[in-house]
Undergrad: 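Following this message is one structure expressed as structure tokens.
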Amino acid sequence: MTINTNNLVSITEANQNFSRVARMVDEKGAVVILKNNSPRYLLIEFDQFEREQVAPDEDILAISKRLIDKNRKAYEELAK
């Protein structure tokens, strides 16, 4: 995930002006909230969260196949 520096907000600012931060999410898609100058929280729309949580079965199967192919020798050794 790439982070746009215009989407960074301090935790103090988020606490004091949450409606502004929510508008930023509506306009920009996501806001990173900093705590002690380090990225700590990600604020996104709930619909976006739901879309990213559900992976189609095809994607899961493709990822599984790729991992098995990549690590076939290790799996065969473990199966002995």
Undergrad: Let's go through Leu43 and Val21 carefully: what are the C-alpha distance in whole Å and the side-chain angles of both, what is the deciding distance for side chain to side chain contact (heavy atoms under 4.5 Å, CB included) to 0.1 Å, and is it a yes or a no?
TA: CA-CA 9 Å; Leu43 185 62; Val21 175; 3.7 Å; yes
Undergrad: Between Val31 and Phe18, is there a shared hydrophobic cluster once you connect ILVMFWY residues whose side-chain heavy atoms come closer than 4.5 Å?
TA: yes
Undergrad: Got a sec, which residues hit side chain to side chain contact (heavy atoms under 4.5 Å, CB included) with Ser19, two or more places apart in sequence or on another chain?
TA: Asn17, Arg23
Undergrad: Which pair of non-hydrogen atoms, one from Ala14 and one from Ile33, has the smallest distance, and what is that distance?
TA: CB-CD1, 4.0 Å
Undergrad: Leu8 and Ile11: same hydrophobic cluster, using ILVMFWY side-chain contacts below 4.5 Å?
TA: no
Undergrad: Can you list the residues that meet the side chain to side chain donor-acceptor pair (under 3.5 Å) rule with Arg20, with sequence neighbours excluded?
TA: Glu13
Undergrad: Treat each ILVMFWY residue as a node, draw an edge where side-chain heavy atoms are under 4.5 Å apart, and state whether Phe46 and Met24 are in one component.
TA: no
Undergrad: Can you check whether Val32's main-chain N or O pairs, donor with acceptor, with Asn7's side chain at less than 3.5 Å?
TA: no
Undergrad: Going by atom type alone, with no hydrogens or angles, which donor-acceptor pairs under 3.5 Å involve a side-chain atom of residues 73-80 and a protein atom two or more places apart or on another chain?
TA:
from  : atom 1 : to    : atom 2 : distance (Å)
Glu77 : OE1    : Lys80 : NZ     : 3.4

Undergrad: Can you name the side chain to side chain donor-acceptor pair (under 3.5 Å) partners of Gln48, sequence neighbours left out?
TA: Glu52
Undergrad: Does anything in residues 38-49 form a salt bridge (charged side-chain N to carboxylate O under 4.0 Å, His left out)? List the pairs, not counting sequence neighbours.
TA: none
Undergrad: Give a yes or no answer on whether the side chain of Asn71 reaches the backbone of Leu67 with a donor-acceptor pair at less than 3.5 Å.
TA: yes
Undergrad: Is it true that atom CG of Asp26 has more than 12 heavy atoms of other residues, nucleotides or ligands lying nearer than 6.0 Å?
TA: yes
Undergrad: Please list, chain by chain and in numerical order, all residues satisfying side chain to side chain donor-acceptor pair (under 3.5 Å) with Asp69, sequence neighbours excluded.
TA: Lys65, Arg72
Undergrad: Please report the shortest heavy-atom distance between Leu42 and Ala30, naming the atom on each side.
TA: CD1-CB, 4.0 Å
